[in-house]
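The structure is given below, and queries will be raised subsequently.
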Amino acid sequence: MRRAANLLRAPGHGLHSLWERVRVLWHGLRTATGDDAYERYCAHQRRHHPHEPLMSRRVFCAEATGRKWNGVSRCC
């Protein structure tokens, strides 16, 4: 708690900097857990395949779940 208060008072580390750190942490957490997969898919499609229609979030999630759980799921 004291550290957070010091960050707010330190020069160049105002509230904006704190919120920026929270935003970066949140973005990293969403990327690590795959929560932003649909947004990344949309950005990729718009950049590399603009002529193709986008899948809906529901269809994208169903296909991702199918890829994850179908097929061989053992090492031997």
Side-chain angles (χ1 to χ4, degrees):
M1 183 80 161
R2 178 177 275 175
R3 186 167 185 251
N6 289 338
L7 279 175
L8 294 176
R9 284 189 222 115
H13 294 283
L15 188 58
H16 175 74
S17 179
L18 180 63
W19 282 116
E20 181 65 18
R21 291 177 186 187
V22 169
R23 189 191 66 76
V24 168
L25 180 64
W26 184 251
H27 176 73
L29 182 63
R30 288 190 75 225
T31 299
T33 61
D35 191 42
D36 68 342
Y38 183 72
E39 287 86 2
R40 287 185 290 121
Y41 156 76
C42 289
H44 171 85
Q45 287 296 106
R46 287 185 185 115
R47 192 176 312 116
H48 297 286
H49 313 283
H51 57 281
E52 295 180 14
L54 293 174
M55 286 188 271
S56 68
R57 184 180 292 267
R58 183 176 295 224
V59 171
F60 176 82
C61 291
E63 286 192 10
T65 302
R67 281 191 309 272
K68 180 177 179 180
W69 295 107
N70 291 338
V72 178
S73 61
R74 59 180 186 193
C75 65
C76 305

- Task: Not counting sequence neighbours, which residues clear salt bridge (charged side-chain N to carboxylate O under 4.0 Å, His left out) with Arg67? List them please.
- Result: none
Taking distance alone, no hydrogens or angles, what donor-acceptor pairs closer than 3.5 Å link side-chain atoms of residues 44-57 to residues at least two apart or in another chain?
{"unit_1": "Ser56", "atom_1": "OG", "unit_2": "Val59", "atom_2": "N", "d": "3.2"}
{"unit_1": "Arg57", "atom_1": "NH2", "unit_2": "Glu39", "atom_2": "OE2", "d": "3.2"}

- Message: If the condition is side chain to side chain donor-acceptor pair (under 3.5 Å), which residues does Asp36 pass it with, not counting sequence neighbours?
- Response: Thr31, Arg40
- Query: Just wondering, do Arg30 and Trp26 contact through their side chains at under 4.5 Å, heavy atoms?
  - Reply: yes
